[in-house]
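Accompanying notes for the structure given below.
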Amino acid sequence: MNLQALIFDVDGTLADTERDGHRVAFNAAFKEAGLDWHWHVDLYGELLAVTGGKERMHHYIERYRPDYKKPADFDALVARLHAAKTQHYTALLARGGIPLRPGVWRLLEEARRHGMRLAIATTTTPANVSALLRHALSPAAESWFEIIGAGDVVAAKKPAPDIYHYVLEHLQLAPAQCLAFEDSENGLRAAQAARLRTVITINDYTRTHDFSGAALVLDHLGEADQPFNVLAGPAVNGATFLDLNLLQKIFIKP
Ligand code: XBP
Ligand code: MG
């Protein structure tokens, strides 16, 4: 087996975007529209069970707001709220509001230097990916990824495998030639259903998720001065951060 490509999720994996990014942007859009919807930190954790911002708003109303009288054009309202939320979110990223998680920049840089192919598979809106890559990584970072599979480009969002199938098809690689990076159970289920081995880096919203079947579960990718903790997976023989050398050792069997 020859590892040829790394495929990254975005939200929660490249950066901790949910609590202080997406959530804040949703609330700003709701307030601006004069709605009494407010997603506090714990509620948002529950709402993350549904991926995709538009889908999450529908879920919120169905599940938590039986009192809300939907207007006839509810889908259009959700679409307008989502567009406003995207504006708020990308503006927040442009202000440098959300940094990358530990080890992300280092691993991407190393992968590029060694000709490892890179891709993105996410449920988030393409504009959100562009803003994060440009402002948290590098102005040219979008070009680092051969394919950015994002948002409504596929009909079914994670945990459906569609976005991974879309990316694999574009890369023209078999799942065994790639490795996925995810932070959530929905992400893992999507990658697994596409037969991809998956490295998980947990975060505060996902640490209690079921990651059975993941190839490796870490608290983060680690840095030389910020060692990772291995929560599940093979022995890493004293390594303190995930780099290509460690990936070769644990994933490429002779
Ligand atoms: C990420 C998401 C996204 C964001 C919001 O899931 O669920 O919906 O919360 O993005 P994953 P949009 O990391 O598994 O891809 O509002 O642009 O949909
Ligand atoms: Mg994620």
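Counting convention: from 1, in listed order, for ligands and their atoms alike.
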Name, closest N/O/S atom of D11 to the Mg ion (ligand 2): O
Would E62 and K70 pass as an ion pair if we require N to O under 4.0 Å? yes
Side-chain donor-acceptor pair under 3.5 Å between D210 and S212, yes or no? yes
Under a 3.5 Å distance rule, please check whether E223 uses its side chain to pair with a backbone N or O of G103 as donor and acceptor. yes
Distance under 4.0 Å, heavy atoms only, partner ligand 1: which residues pass? D9, D11, E18, H22, F26, Y44, T51, G52, G53, R56, H82, K85, T122, T123, T124, T125, N128, K158
Between D152 and K157, does any side-chain N to carboxylate O distance fall below 4.0 Å? yes
Candidate pair Y89 and H22, rule ring-ring contact (aromatic ring centres under 6.0 Å, His included), full reasoning: CA-CA 6 Å; Y89 179 71; H22 290 294; 3.9 Å; yes
Could you tell me which N, O or S atom of D183 is nearest to the Mg ion (ligand 2)? OD1
Nearest to the Mg ion (ligand 2), which N, O or S atom of D9 do we find? OD2
Could you verify whether a donor N or O on one side chain and an acceptor N or O on the other, from Y44 and R19, lie under 3.5 Å apart? no
In this structure, are over 12 heavy atoms from other groups packed under 6.0 Å from E109 atom CD? yes
